[in-house]
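The structure appears below as structure tokens.
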Amino acid sequence: MTAVDPFPRSARYDPAWLEQCRMGPNVLWLCEALCSKLTLRPGMRVLDLGCGRAASSIFLAREYGLRVFANDLWISPTENLARIVDAGLEAEITPIRAEAHELPYAHGYFDVIVSLDAYHYFGTDDLYLKSVLRFLRPGGEIGIVCPGVARELTPDQVPAHLRDLWRADWHTFHSAQWWGLHWAKTELVDVTNAEALPDSHAIWQEFAGHTTEAERAAIQADRGEFLTFARTVATRR
Ligand SMILES: C[S@@+](CC[C@H](N)C(=O)[O-])C[C@H]1O[C@@H](n2cnc3c(N)ncnc32)[C@H](O)[C@@H]1O
């Protein structure tokens, strides 16, 4: 991490609590990095799509005074409700189980849609953005952070240290430029940010301490050369 902590809000959260919520890289860091590029006002309605154990939903409600819908598929809303109640945020956060293609919300309901370490599971499909934008009001923002790569890799360019994981499912990792174009070409949004997080390498390194042996080896061998976190933000036209 750089000399000045780039994630001062996240630093206030109990690491043991975050460990209980962990499903991948430090989601508070991803969320704080995303929020720095969003225009957030207290009371805005936010969809946290693929919220996992709802750590980011709690962060969004507590830090920015947002009204959050904590939407996930694998983690039950009953489990997430317990965490939300513990945080004293049951009036601010609604836990929901819904598949990303079957969202149960009114069209135009959200001011902001965020997705952290989740959108690449369902959003690489060219038609997905149009589908999810129905739930965002015109002028609202959508922002995602996904594990990514510094540049797009053809199959023969995948470095040896990433090859096995790539075959498994890391081929869903794309560059920030790829995501920016993926959204811009729809002409449904104006892309306002598409870049690799400046602290990508530090975030991967922290994750290396919490993952499988194969992933740890790949992250260490990579040394920040290919692996990034791609942040993409756009405004619905
Ligand atoms: C790697 S976890 C990340 C969870 C959380 N955002 C975090 O960073 O801790 C990916 C999440 O995406 C959600 N997800 C994957 N596919 C989904 C789908 N088709 N619809 C809704 N959520 C989905 C899963 O339920 C899972 O919790």
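All ligand and atom numbering here is 1-based and tracks the order in the structure. In what follows, every heavy atom counts, from backbone to side chain, and hydrogens, waters and symmetry copies are set aside.
The aromatic rings of Tyr109 and Phe69 sit perpendicular to each other, their planes meeting at more than 60°, with 30° as the lower class boundary. The aromatic rings of Trp179 and His182 sit perpendicular to each other, their planes meeting at more than 60°, with 30° as the lower class boundary.
With Tyr121 as reference, Trp74 is the one residue of Tyr128, Trp74, Phe173 to meet the ring-ring contact (aromatic ring centres under 6.0 Å, His included) rule.
Looking only at protein heavy atoms, the nearest one to atom 7 (C) of ligand 1 is Val27 CG2, 3.6 Å. For atom 13 (C) of ligand 1, the closest non-hydrogen atom on the protein side is Asp72 OD1, 3.4 Å. When hydrogens are left out, the protein atom nearest atom 26 (C) of ligand 1 is Trp74 CE3, 3.3 Å; that is the closest non-hydrogen contact. Here the heavy atom of the protein found nearest to atom 10 (C) of ligand 1 is Asp117 O, 3.4 Å. Scanning the protein for heavy atoms near atom 19 (N) of ligand 1, the closest one is Glu99 OE2, 2.6 Å. For atom 14 (N) of ligand 1, the nearest non-hydrogen atom of the protein is Phe122 CE2, 4.2 Å. At the top of the distance list for atom 22 (N) of ligand 1, counting protein heavy atoms only, stands Leu73 CB, 3.5 Å. Looking only at protein heavy atoms, the nearest one to atom 20 (N) of ligand 1 is Ala100 N, 2.8 Å.
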For residues 15-22, tabulate all N or O donor-acceptor pairs below 3.5 Å that involve a side-chain atom, not counting sequence neighbours.
unit_1: Glu19; atom_1: OE1; unit_2: Arg22; atom_2: NE; d: 3.0
unit_1: Glu19; atom_1: OE1; unit_2: His210; atom_2: ND1; d: 3.0
unit_1: Glu19; atom_1: OE2; unit_2: Arg22; atom_2: NE; d: 3.1
unit_1: Glu19; atom_1: OE2; unit_2: Arg22; atom_2: NH2; d: 3.2
unit_1: Arg22; atom_1: NH1; unit_2: Gly24; atom_2: O; d: 2.9
unit_1: Arg22; atom_1: NH1; unit_2: Glu206; atom_2: OE1; d: 3.4
unit_1: Arg22; atom_1: NH2; unit_2: Glu206; atom_2: OE1; d: 3.3
unit_1: Arg22; atom_1: NH2; unit_2: Glu206; atom_2: OE2; d: 2.6
unit_1: Arg22; atom_1: NH2; unit_2: His210; atom_2: NE2; d: 3.4

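Distance check: Ile144 CD1 to Asp117 CG gives 11.0 Å after rounding to the nearest 0.5 Å.
Close contacts of ligand 1 with Leu116, meaning ligand atoms under 4.0 Å from a residue heavy atom, involve 5 (C), 6 (N), 8 (O). Heavy-atom contacts of Gly50 reach the following atoms of ligand 1: 4 (C), 5 (C), 6 (N), 11 (C), 12 (O), 13 (C) (cutoff under 4.0 Å). Listed by atom number, the atoms of ligand 1 under 4.0 Å from Ala98 heavy atoms are 21 (C).
Ionic pairing of Asp111 and Arg67 is not present here: no N-O contact between side-chain nitrogen and carboxylate oxygen is shorter than 4.0 angstrom. For Asp164 and Arg167, the salt-bridge test passes: some basic side-chain N is under 4.0 Å from an acidic carboxylate O.
Atom CZ of Arg134 has more than 12 neighbouring heavy atoms from other residues, nucleotides or ligands inside a 6.0 Å radius.
The closest approach between Cys51 and ligand 1 falls below 4.0 Å for a heavy atom of the residue.
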